[in-house]
Amino acid sequence: MSEIEKKPIKITETVLRDAHQSLIATRMPTDLMLPIIEKMDKVGYHSVECWGGATFDASLRFLKEDPWDRLRKLRDGFKNTKLQMLFRGQNILGYRPYADDVVDAFVEKSIANGIDIIRIFDCLNYMPNLQEAVNATNKIKAREGRGHAQVALSYTLGDAYTLEYWAGMAKQIEEMGADSICIKDMAGLLLPYKATELIKAMKENTKLPIQLHTHYTSGVASMTYLKAVEAGVDVIDTAMSPFAMGTSQPATEVMVETFRGTPYDTGFDQDLLAEIADYFAPYRDECLKSGLLSPKVLGVNIKTLLYQVPGGMLSNMVSQLKEQNAEDKYRDVLEEIPRVRKDLGEPPLVTPSSQIVGTQAVFNVLMGERYKMATKETKAILRGEYGQTVKPMNQEVIDKVIPGEKRLTGRYADQLGSEMDKLENEMKEWKQQDEDVLSYALFPQVATDFFKYRQAQQEKVDPAVADKENGAYPI
């Protein structure tokens with residue numbers, strides 16, 4: 001590449017969302033974020049990912065914070081940098097499909113409170129579950145000139161997931177009206193030379209910018225970024241070094257230094273990055289001392305590549321086996337996971353499909369008979385409630401688990417009608433802002449507990465008394 005063909009790689013910083021979600025279960029409080037925003041705003045990031053994913057639930061449930069208030073404070077602080085969130089398609093930030101009017105309202109309020117880029121994904125890569133969120137973002141963009149719909153493809157391996165599949169999906173994303181594409185490699189399965197092939201194949205099929213998101217879980221992520229950047233990827237996701245590596249992303253400073261003096265040079269100031277890292281380092285040390293940051297999540301887990309199983313799914317499986325005193329069945333369950341995944345149409349393994357497949361594999365092994373007992377989530381995925389899978393599901397399994405039941409062929413959300421008026425009516429005694437209805441929609445009990453706690457604080461009631469009386473979580 002000649003000097004004329006400079007293409008500085010753009011970077012999305014994840015330290016305020018996915019990095020701490022991956023390493024310390026999303027427990028970073030807003031007050032810890034605010035003092036460093038001014039410096040982060042000077043870096044020149046493409047965007048800062050700071051909201052969505054599990055931050056919403058964790059803020060309400062564990063930190064006793066209003067996630068909408070967090071977003072507004074971050075928006076006030078970031079004067080020059082775009083803010084980005086993760087959005088689970090028709091599931092929004094929850095675990096069930098919501099009606100279109102709830103999706104529309106959530107997108108509208110997210111952008112109104114400060115989000116610029118909405119990264120939208122579906123656990124099955126089922127396009128109809130992504131379309132409404134894209135449409136809602138585009139409506140606001142047309143009206144207000146703000147809002148960017150990025151569709152994320154959940155990256156996975158399997159017979160169905162060929163280069164032709166990914167290239168075809170890129171074309172579909174462009175046709176559905178998205179502004180950009182993200183390859184979301186949640187388990188760190190994308191190998192360096194495969195990244196070269198993948199980026200080139202997708203670039204041949206779409207003019208949209210392509211972003212790559214991966215995790216260091218399997219140990220290859222930095223090399224994968226290097227090859228992807230050389231192949232023409234437009235943006236990569238990184239995390240400041242105190243919250244990088246392990247099950248998080250590659251370190252921002254390392255990737256910046258890697259491309260220094262090349263056509264991909266970011267131009268970022270390493271002294272400024274060092275100041276930001278120095279700010280987060282004591283908090284990392286605190287998290288290690290308290291046990292919130294486990295050394296287990298900081299290493300390389302090669303089983304991720306061997307069994308194509310995300311790290312979080314492995315740890316869930318181990319704890320399930322421990323509870324049943326069946327740790328000796330570990331290898332049997334590992335071998336059962338790909339069989340269950342194939343029975344269920346070979347979905348990508350990402351929340352919630354990873355939990356559904358993993359738990360069903362544990363049941364199959366422990367019961368001594370496959371599908372003797374099926375979880376309600378397994379039944380839902382077989383009914384088509386989560387959407388349609390790339391490959392057909394196993395008809396024998398369907399007949400055994402949901403005999404005689406009619407399967408959905410379209411979106412589950414189409415059966416839901418409108419939900420906003422009903423939700424608002426249910427929680428009207430707690431409503432102080434329009435956004436409260438959306439908090440309640442996603443997590444009814446958790447949000448109600450938070451609203452009680454908030455009211456107690458406003459009335460200057462002793463929080464310990466309020467907690468005892470109304471069942472709210474203590475701080």
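Residue numbers run from 1 in the order of the sequence given.
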If only atom types and distance count, is the side chain of [X] paired as donor or acceptor with the main-chain N or O of [Y] below 3.5 Å?
X: Asp41; Y: Thr81; result: yes
X: His215; Y: Thr247; result: yes
X: Asn205; Y: Ala170; result: no
X: Lys79; Y: Asp76; result: yes
X: Ser22; Y: Ala19; result: no
X: Thr224; Y: Leu190; result: yes
X: Gln433; Y: Glu435; result: no
X: Thr252; Y: Ala239; result: yes
X: Ser180; Y: Gln150; result: no
X: Trp51; Y: Pro67; result: yes

Between [Y] and [X], does any NZ, NE, NH1 or NH2 come within less than 4.0 Å of an OD or OE carboxylate oxygen?
X: Lys141; Y: Asp179; result: yes
X: Lys203; Y: Asp234; result: yes
X: Arg88; Y: Asp122; result: no
X: Glu429; Y: Lys452; result: no
X: Glu419; Y: Lys422; result: no
X: Asp185; Y: Lys194; result: no
X: Asp434; Y: Lys431; result: yes

Closest approach of [X] and [Y], non-hydrogen atoms and distance?
X: Ala244; Y: Pro250; result: CB-C, 4.0 Å
X: Gly177; Y: Asn138; result: O-ND2, 2.9 Å
X: Tyr126; Y: Gly387; result: CD2-CA, 3.5 Å
X: Leu93; Y: Gly53; result: CD2-N, 3.6 Å
X: Met176; Y: Val151; result: SD-CG2, 4.2 Å
X: Gly147; Y: Ile111; result: CA-CD1, 4.0 Å

In terms of heavy-atom contacts, does [atom1] of [X] have more than 12 from other residues, nucleotides or ligands at under 6.0 Å?
X: Lys428; atom1: NZ; answer: no
X: Tyr412; atom1: OH; answer: no
X: Glu275; atom1: CD; answer: yes

Side-chain heavy atoms of [X] within contact of [Y], under 4.5 Å:
X: Asn113; Y: Arg75; value: no
X: Lys82; Y: His148; value: no
X: Leu86; Y: Glu49; value: yes
X: Leu153; Y: Ile173; value: yes
X: Ile115; Y: Gln84; value: no
X: His213; Y: Ile183; value: no
X: Lys184; Y: Asn125; value: no
X: Asn80; Y: Tyr45; value: no

Within this structure, what is the [atom1]-[atom2] distance for the pair [X] and [Y], rounded to the nearest 0.5 Å?
X: Ser248; Y: Phe243; atom1: OG; atom2: CZ; result: 9.0 Å
X: Tyr386; Y: Cys123; atom1: OH; atom2: SG; result: 7.5 Å
X: Thr12; Y: Gln211; atom1: OG1; atom2: CD; result: 4.0 Å
X: Leu438; Y: Glu424; atom1: CG; atom2: CD; result: 9.5 Å
X: Leu157; Y: Leu349; atom1: CG; atom2: CG; result: 9.5 Å
X: Arg96; Y: Gln90; atom1: CZ; atom2: CD; result: 10.5 Å

Tell me if the aromatic rings of Tyr161 and Trp166 count as close, with their centers under 6.0 Å from one another.
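Ring-ring flag for Tyr161/Trp166: true, centres closer than 6.0 Å.
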Would you say the rings of Phe450 and Phe443 are close, in the sense that their centroids are separated by under 6.0 Å?
no
For [X] and [Y], which I'm curious about, is there any donor-acceptor pair between the side chains at under 3.5 Å?
X: Thr14; Y: Gln249; answer: yes
X: Gln432; Y: Gln455; answer: no
X: Thr217; Y: Asn301; answer: no

May I ask you to check if Arg27 and Phe62 form a cation-pi contact, with NZ or CZ under 6.0 angstrom from the six-membered ring centre and within 45° of the axis?
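Yes, a cation-pi geometry.
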Show the numbers, then the answer: is there a salt bridge (Lys or Arg N to Asp or Glu O under 4.0 Å) between Lys200 and Glu204?
CA-CA 6 Å; Lys200 284 183 175 174; Glu204 285 171 7; over 6 Å; no
List the steps and the verdict of side chain to side chain donor-acceptor pair (under 3.5 Å) for Ser354 and Arg341.
CA-CA 9 Å; Ser354 52; Arg341 182 177 173 234; over 6 Å; no
List the steps, then state whether salt bridge (Lys or Arg N to Asp or Glu O under 4.0 Å) holds for Arg260 with Glu257.
CA-CA 5 Å; Arg260 186 174 303 287; Glu257 200 58 30; 3.2 Å; yes
Apply salt bridge (Lys or Arg N to Asp or Glu O under 4.0 Å) to the pair Glu286 and Lys289, showing each step before the final yes or no.
CA-CA 5 Å; Glu286 278 177 39; Lys289 280 178 196 160; over 6 Å; no
Please test Lys73 against Asp69 for salt bridge (Lys or Arg N to Asp or Glu O under 4.0 Å), starting from the C-alpha separation and ending with a verdict.
CA-CA 6 Å; Lys73 285 175 177 174; Asp69 189 47; 3.2 Å; yes
By the definition ring pair (Phe, Tyr, Trp, His ring centres under 6.0 Å), identify the one residue from Trp68, Tyr440, Tyr98 that meets it with Phe106.
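Running ring pair (Phe, Tyr, Trp, His ring centres under 6.0 Å) over Trp68, Tyr440, Tyr98 with Phe106 returns exactly one hit, Trp68.
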Could you walk me through whether Glu174 and Thr206 satisfy the side chain to side chain donor-acceptor pair (under 3.5 Å) test, starting with their C-alpha distance in whole Å, then the side-chain angles of each, then the deciding distance to 0.1 Å, before giving a yes or no?
CA-CA 7 Å; Glu174 186 173 322; Thr206 180; 2.4 Å; yes
Among Val235, Asp265, Thr258, Val233, whose side-chain contact (heavy atoms from CB on, under 4.5 Å) with Ile9 holds?
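Exactly one pass, corresponding to Val233.
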Quick one: which of Lys10, Arg17, Arg119 gives a salt bridge (Lys or Arg N to Asp or Glu O under 4.0 Å) with Asp237?
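Running salt bridge (Lys or Arg N to Asp or Glu O under 4.0 Å) over Lys10, Arg17, Arg119 with Asp237 returns exactly one hit, Arg119.
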